[in-house]
Amino acid sequence: MTVLPFGVWALLALIPCPGATEELFEVSVWPNQALVRFGQSLVVNCSTTCPDPGPSGIDTFLKKTQVDEGRQWKLFLLEGVTENSVLRCFFSCAGIQKDASLDITVYREREPPEQVILELQPDWVAMDEAFTVRCLVPRVAPLEYLTLTLFQGNQELYRKNFVSLALASQRAEVTISIKAQREDDRCNFSCSAEVDLNSRGGGLFRGRSAIKVLRIFGFPPPILEIEESHTLAGTDVNVTCSGHALTSPSPTLRLQGAPDVPAPGEPAWLLFTAKEEDDGRNFSCEASLEVQGQRLVKTTVIQLHVLYKPRLEESGCPGNQTWVEGKEQMLACVPEGNPAPALACTWNGVVIDLAVPQKATQSRTGIYCCTATNQLGSVSKDIAVTVQGPSEGSSSTIFFIIFVLLVVAINTTTLCFNCRPCKRKKRKLPYHPNKAEQSQYAVQQAEMCNSRNFCVESGLQVNEISTIGVSQGGKSGSRKKEETL
Ligand SMILES: *[C@@H]1O[C@H](CO)[C@@H](O)[C@H](O)[C@H]1NC(C)=O
Ligand SMILES: *[C@@H]1O[C@H](CO)[C@@H](O)[C@H](O)[C@H]1NC(C)=O
Ligand SMILES: *[C@@H]1O[C@H](CO)[C@@H](O)[C@H](O)[C@H]1NC(C)=O
Ligand SMILES: *[C@@H]1O[C@H](CO)[C@@H](O)[C@H](O)[C@H]1NC(C)=O
Ligand SMILES: *[C@@H]1O[C@H](CO)[C@@H](O)[C@H](O)[C@H]1NC(C)=O
């Protein structure tokens, strides 16, 4: 740039300078974005800030008519707008031309949100249950200018706009889920829909739904009771299900396993004799209520605990066990019973630690005696342990089986030599016992273990059932295990 003396700058500042005006003038178009319904017309105001504008006009392939003009503006009517296009408005000022462009968007239809539908689902809801508020506008366009607002009373609950949605869709919907609180009872819910085309030369179109009133009622789950949550095996149990007092009207009750459904308001009950297998069994009761044509269901589950004396089944505590020589081994014996029995085992009169694995040596072969005890009694069982040499792998299984048979035969012979009841019982056994007979045999073995007093001789005290503290009424709240060592 040429450096001018100060005086020249002063002169330039005093007299109007056309060059400066040219640089500064602006061209603008109104609206700055246009949204036109298919086939309709549009009025465009093309204006400038140039004080003395030269040639001006608009560039468009649309049919245009100048309808008005001022010194610094021109108003055009565009007719039959059927497709999206860009219009250019230009002005020249002292030989310089500038322009402004306008995006014209065409939509097929304008559909004010006339129908706004609000739905409460359900409109009668149980306290703490969820209900949904849904607002639907079946026909509205252009959708991208729509805002849906959900109200609870005068308070805004949720607002959604549809800017990102395609113009092709004309259906708007919003659904929210709310947990019913007591204070929501009798609340008014409504929805408003607004299409705001103000920024695009359109107007503001509003629609509002009718008010829907929410009703809330109490429906607590049914009450399921077992007279005695810890029942002795062999005693009768009455499982009763009744509707909660706060539930009105009375619900219909359905107790799982009960033969029939009682009349509304009546409790449902089931009487049966508790068996050991029933320990841990769950009972469920379903209360159902019909409210405003809706069927509501609440369920309660209760668990039955059956108390029974210990059992040492073949599955959990096998009577024959084989250890591999040199390996760390543990006596496998898990007793059944409720309360959970305490287990103690002896070998050669010595109480063994069941938690710590022992290194298996040939000398550990023999009969172990295990006793499981809980508040209801005890049971004992002999476990024959065979230690198999490490070299005798699966290839020499036959030898191993013969060995086991031998050991057991010797053991049995030795045992039975000192024990007549045992001999008598063994004769009754068939050559190939089936499963039931095997377990029967296991029971007999256990009885033998007791009758021989093998465990007591080995230094283990087996408490008498009556001394362990089960009261006559069969009540046994205490789960405390009594150590019997
Ligand atoms: C066109 O726009 C100019 C500049 O904003 C304004 O002065 C003029 O009044 C407008 N003309 C009409 C008809 O609105
Ligand atoms: C709900 O609306 C009705 C009628 O529009 C009005 O009488 C009532 O007071 C409103 N209830 C609440 C809780 O706002
Ligand atoms: C079981 O209990 C219910 C409710 O207490 C009672 O109505 C019903 O008669 C009882 N059944 C028996 C067999 O005791
Ligand atoms: C009974 O329900 C409890 C939890 O409610 C569950 O842990 C248990 O496994 C259920 N028992 C049976 C037998 O299904
Ligand atoms: C242990 O094994 C011997 C011989 O195989 C068999 O006679 C006996 O019935 C078994 N004992 C149990 C409790 O399975």
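What you see below is based on every heavy atom in this structure, not just the backbone, and it leaves out hydrogens, waters and symmetry mates. For ligands, and for the atoms within them, numbers begin at 1 and follow the listed sequence.
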Test log, rule side-chain contact (heavy atoms from CB on, under 4.5 Å), inputs F272 and L304
CA-CA 12 Å; F272 65 99; L304 176 69; 3.8 Å; yes
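Those atoms of ligand 4 with a heavy atom of Q303 less than 4.0 angstrom away are 1 (C), 11 (N). Atoms of ligand 2 lying under 4.0 Å from at least one heavy atom of R186, given by number and element, are 13 (C).
In this structure, the protein non-hydrogen atom closest to atom 11 (N) of ligand 2 is N188 ND2, 3.0 Å. Here the protein heavy atom with the shortest distance to atom 13 (C) of ligand 4 is G280 O, 3.5 Å. Ranking protein heavy atoms by distance to atom 2 (O) of ligand 3, first place goes to N238 ND2, 2.3 Å. Given atom 5 (O) of ligand 2, the protein heavy atom at minimum distance is I211 CD1, 3.8 Å.
If you check each of T240, V239, L270, L271 against atom 4 (C) of ligand 3, the one with the closest non-hydrogen atom is T240.
Shown here, atom 7 (O) of ligand 2 is out of close reach of the protein: none of its heavy atoms lies under 4.0 Å off.
Salt-bridge check for E313 with R311: passed, with a basic side-chain N closer than 4.0 Å to an acidic carboxylate O. Salt-bridge check for K212 with E119: failed, with every basic side-chain N at 4.0 Å or more from each acidic carboxylate O.
At least one donor-acceptor pair closer than 3.5 Å links the side chain of K381 to the backbone N or O of C317.
Checked by distance only, ligand 4 and N282 come closer than 3.5 Å through their nitrogen or oxygen atoms.
In this model, a donor atom of one side chain and an acceptor atom of the other lie less than 3.5 Å apart for Q152 and D184.
The minimum heavy-atom distance between M330 and P357, with the atom names listed, is CG-CA, 3.4 Å.
Between F189 and F131, the ring-plane angle classifies as perpendicular under the 30° and 60° cut-offs.
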